[in-house]
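Below, all heavy atoms of this structure are taken into account, side chains as well, without hydrogens, waters or symmetry copies.
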Amino acid sequence: MSYTVAALLGVAGALAVDLFVLRTRLVRRVVFWATYPIIITFQLLSNGILTGRHIVIYDPDAIIGLRIAYAPVEDLFFGFALVLLTLSVWVWLGRRGVQPEPRAAGRRFRRRAG
């Protein structure tokens, strides 16, 4: 399986989980798309450093060849799938009340009378 096929399968799987399995439907929200450029910016920065310095090297036969900031475009697909899947699970767990209120190390902090 090529890197391109794996990346596209990752996107399809993340979309399926978001839309049909967990039904969080994040990709239908404007706020998701409005904030996604922030993620892409830092992803391109880190990918550019890693691939530009040849820390990570891709087999030219496994990618389509289109690069952005030295990294193959497939990396953007994988990044999208990773972020979407993570946020979908996070929203789904939040809706289930997994952590109804934020706590530090499971304790509540109280003020000392003094």
Side-chain angles (χ1 to χ4, degrees):
M1 175 183 319
S2 72
Y3 192 61
T4 306
V5 172
L8 293 174
L9 286 174
V11 169
L15 286 170
V17 169
D18 177 54
L19 295 171
F20 305 113
V21 177
L22 301 180
R23 297 181 182 182
T24 52
R25 294 178 179 85
L26 295 179
V27 294
R28 292 186 175 181
R29 296 183 186 183
V30 174
V31 69
F32 177 82
W33 295 107
T35 57
Y36 196 70
I38 298 167
I39 295 166
I40 289 177
T41 300
F42 288 103
Q43 182 181 359
L44 288 174
L45 178 64
S46 61
N47 282 357
I49 292 169
L50 292 172
T51 55
R53 294 177 155 242
H54 301 290
I55 296 168
V56 177
I57 301 170
Y58 296 92
D59 180 1
D61 296 330
I63 60 174
I64 58 176
L66 180 61
R67 291 180 178 261
I68 300 173
Y70 297 104
V73 72
E74 289 91 341
D75 276 358
L76 291 177
F77 298 147
F78 270 122
F80 174 82
L82 174 75
V83 169
L84 178 60
L85 189 58
T86 301
L87 291 176
S88 295
V89 170
W90 186 4
V91 168
W92 184 80
L93 288 173
R95 289 179 181 171
R96 300 291 176 274
V98 172
Q99 185 177 356
E101 59 185 82
R103 296 181 187 167
R107 300 182 204 162
R108 292 183 185 207
F109 294 101
R110 296 182 186 163
R111 285 184 155 173
R112 282 184 160 183

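Judged as a side-chain hydrogen bond (donor to acceptor under 3.5 Å, both in side chains), not a single pair has a partner in residues 76-85 (not counting sequence neighbours).
Partners of Leu82 according to the side-chain contact (heavy atoms from CB on, under 4.5 Å) rule, which considers only residues two or more places apart in sequence or in another chain, are Thr86. Scored by the ring pair (Phe, Tyr, Trp, His ring centres under 6.0 Å) test, Trp33 finds Phe80 as partners (sequence neighbours excluded). Considering only residues two or more places apart in sequence or on other chains, Val89 meets the side-chain contact (heavy atoms from CB on, under 4.5 Å) condition with Leu22, Leu93. Checked against side-chain contact (heavy atoms from CB on, under 4.5 Å), Tyr3 has the following partners two or more places apart in sequence or in another chain: Tyr58, Ala62, Ile63, Pro72, Glu74, Asp75, Phe78. Partners of Arg23 according to the side-chain contact (heavy atoms from CB on, under 4.5 Å) rule, which considers only residues two or more places apart in sequence or in another chain, are Arg25.
Phe77 CZ to Thr4 OG1: the interatomic distance, rounded to the nearest 0.5 Å, is 8.0 Å. One distance of note links CG of Leu87 with CG of Leu26; it measures 6.0 Å at 0.5 Å rounding. Interatomic distance, CG of Leu19 versus CZ of Arg28, reported as 5.5 Å (0.5 Å rounding). Remark: Ile40 CD1 to Leu45 CG distance equals 13.5 Å, nearest 0.5 Å. Separation of atoms CD (Gln43) and CD1 (Ile39) is listed at 8.5 Å; rounding is to 0.5 Å. In this structure, the separation between CG on Leu76 and CD1 on Ile68 is 5.0 Å, given to the nearest 0.5 Å.
The two atoms that bring Pro37 and Thr41 nearest to each other are O-OG1, 2.8 Å, heavy atoms only. Here the shortest heavy-atom pairing between Ala69 and Leu44 reads CB-O, 3.8 Å. The shortest heavy-atom contact between Gly10 and Ala81 is O-CB, 3.4 Å.
When the side chains of ILVMFWY residues are joined at heavy-atom separations under 4.5 Å, either directly or via intervening members, Val27 and Val17 end up in two distinct hydrophobic clusters. Val56 and Phe42 fall into different hydrophobic clusters, where Ile, Leu, Val, Met, Phe, Trp and Tyr are joined by side-chain heavy atoms under 4.5 Å apart, directly or via other members. Under the 4.5 Å side-chain contact rule for hydrophobic residues, Val73 and Tyr70 do not share a cluster.
Side-chain N or O atoms of Arg29 include none that pairs as donor or acceptor with a backbone N or O of Phe32 at under 3.5 Å.
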**Chi angles and distances behind the side-chain contact (heavy atoms from CB on, under 4.5 Å) call for Phe20, Leu15** = CA-CA 8 Å; Phe20 305 113; Leu15 286 170; over 6 Å; no
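The hydrophobic cluster of Ile57 has no other members, since no ILVMFWY side-chain heavy atom comes under 4.5 Å of it.
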